[in-house]
Amino acid sequence: ASATLNASTPNATYLWSDASTSSSLDVSAPGIYTVQVTVAGCTGSDALEVIGLDGPVIDLGPDTTLCTGQSLLLDVTQESAEYLWEDGSTLPTRTVTEAGDYRVEVIRNGCFAEEDITVSIFDPSSVDLGPDQRLCPGGSAVLTCAAADVPLVWSTGAQGSSIVVQSSGTYWVEAITSGCTARDSV
């Protein structure tokens with residue numbers, strides 16, 4: 001935050017502690033600021049201390065994917081602060097077990113900050129290649145995994161949501177996210 005210190009006086013000249021000579025001074029750091037004001041040869045001075053207040057600090061972390069059954073503790077605890085979550089809770093912590101968008105507002109020493117986080121839930125049953133398939137000679141099949149928003153690795157070394165196969169064999173896809181592993185084969 002910043003503040004403007006104003007010493008405006010008609011027909012005056014000014015000398016601030018930082019050597020500036022305008023009638024006002026914008027400050028954004030704590031410290032003692034002085035000004036000398038001269039009018040018709042007479043000089044007066046004044047000083048002001050700007051005190052920096054500890055404002056709120058929020059870090060909910062990056063958007064997160066949880067495994068089914070996992071939870072995430074969101075903790076914004078700080079001394080002398082007030083909290084308001086999007087669900088109306090006023091506690092400094094919140095345990096998340098469901099997918100959604102979570103937002104917190106924190107007021108500390110009259111200063112305001114807010115942050116949000118999106119939590120997704122990874123369902124291992126979404127890693128599904130469907131039933132076994134048959135290929136005609138010279139044919140191909142597209143194997144697709146519908147698991148969304150998780151990195152997928154195939155037995156062929158490919159990455160992405162689908163691969164094309166042209167020979168018989170067992171093919172698998174594996175998803176590893178947030179400590180969860182799910183695999184299916186066809």
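Values reported hereafter were calculated over all heavy atoms of this structure, with side chains retained and with hydrogens, waters and symmetry mates removed. Sequential numbering from 1 along the given sequence is applied to the chain's residues. Only a predicted model underlies this, so the values are computations on that prediction, with no experimental measurement involved.
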*Has the side chain of N109 got a donor or acceptor atom that lies under 3.5 Å from a matching backbone atom of D54?*
yes
*Mind checking whether Q78 and V106 have side chains closer than 4.5 Å, heavy atoms only?*
yes
*Hey, mind stepping through R103 and E115 against salt bridge (Lys or Arg N to Asp or Glu O under 4.0 Å) and telling me if it holds?*
CA-CA 6 Å; R103 172 177 290 269; E115 186 168 290; over 6 Å; no
*Does L72 share a hydrophobic cluster with I121, counting links as ILVMFWY side-chain heavy atoms below 4.5 Å and allowing steps through other members?*
yes
*So, the side chain of Q36 versus the backbone of G44: is there a donor-acceptor pair under 3.5 Å, distance only?*
no
*Hey, quick one: are W16 and V50 part of the same hydrophobic cluster, counting side-chain heavy atoms closer than 4.5 Å, chains of contacts allowed?*
yes
*State, to 0.1 Å, how close T95 and S71 come at their nearest heavy-atom pair, and which atoms those are.*
CG2-CB, 3.8 Å
_Backbone of I117 reached by a side-chain donor or acceptor of D63 within 3.5 Å_ = no
*Short side-chain to backbone donor-acceptor contact, R108 and E82, under 3.5 Å*: no
*Counting only N and O atoms by type, is there a donor-acceptor contact under 3.5 Å from the side chain of W154 to the main-chain atoms of S161?*
no
*asked:* In this structure, would V119 and V150 fall into the same cluster of hydrophobic residues linked by side-chain contacts under 4.5 Å?
replied: no
*Just how far is it from atom OH of Y33 to atom OG of S20, taken to the nearest 0.5 Å?*
11.0 Å
*Atom of A175, atom of V127 and distance for their closest heavy-atom approach*: CB-CG2, 3.8 Å
_Pairwise side-chain contact, L5 with V27, heavy-atom cut-off 4.5 Å (strictly under)_ = yes
*Decide if atom CD of E49 counts as having more than 12 heavy atoms of other residues, nucleotides or ligands within a radius under 6.0 Å.*
yes
*Flag the pair D18 / L25 as yes when at least one side-chain heavy-atom distance between them is below 4.5 Å, and no otherwise.*
yes
_Quick one: does any side-chain atom of S155 pair with a main-chain N or O of W172 as donor and acceptor, under 3.5 Å?_
yes
*V76 side chain near Y83 side chain, heavy-atom distance below 4.5 Å*: yes
_L129 vs V173, side-chain contact (heavy atoms from CB on, under 4.5 Å): CA-CA, chis, key distance, verdict_ = CA-CA 8 Å; L129 297 178; V173 66; 3.7 Å; yes
*For S23 and S8, work out which heavy atoms get closest and say how close.*
OG-OG, 3.4 Å
*Would you say I163 and V153 are hydrophobically clustered, going by side-chain heavy atoms of ILVMFWY under 4.5 Å?*
no
*Kindly indicate whether the side chain of L74, heavy atoms from C-beta on, has any atom under 4.5 Å from the side chain of V96.*
yes
*P56 and C111, any side-chain heavy atoms less than 4.5 Å apart*: yes
*S140 OG to Q133 CD distance, which is reported to the nearest 0.5 Å*: 10.0 Å
*Among pairs that include at least one residue of residues 146-186, which meet disulfide bond (SG atoms under 2.5 Å apart), considering only residues two or more places apart or in two chains?*
C67-C180
*How about T93 and W85: do any of their side-chain heavy atoms sit closer than 4.5 Å?*
no
*Shortest non-hydrogen contact between V186 and D132, atoms and distance*: CG2-CA, 3.4 Å
*Salt-bridge criterion met for R94 and D87 (N-O under 4.0 Å)*: yes
*Verify whether one side chain among T4 and D26 offers a donor that lies under 3.5 Å from an acceptor in the other.*
yes
*Quick one: pull up OG1 in T156 and OH in Y171 and give me the separation to the nearest 0.5 Å.*
8.0 Å
_Please give me the minimum heavy-atom distance between S162 and T144, naming the atom from each residue._
CB-OG1, 3.5 Å
_Donor + acceptor pair across side chains of T43, T38 (<3.5 Å)_ = yes
*Interatomic distance, Q166 atom CD to L135 atom CG [nearest 0.5 angstrom]*: 9.0 Å
*Look at the side-chain heavy atoms of Ile, Leu, Val, Met, Phe, Trp and Tyr, link any pair under 4.5 Å apart, and say whether V104 and I107 land in one connected group.*
no
_T64 side-chain N/O to P62 backbone N/O, donor-acceptor pair under 3.5 Å_ = yes
*asked:* So does S24 get a backbone contact from the side chain of S22, meaning a donor-acceptor N/O pair under 3.5 Å?
replied: yes
*asked:* If you define the side chain from C-beta out and look only at heavy atoms, does anything of I32 sit under 4.5 Å from L48?
replied: no
*Distance-only, no hydrogens or angles: does the E174 side chain make a donor-acceptor pair with backbone N or O of R183 under 3.5 Å?*
no
*How far does CG of D116 sit from CD of E86, to the nearest 0.5 angstrom?*
9.5 Å
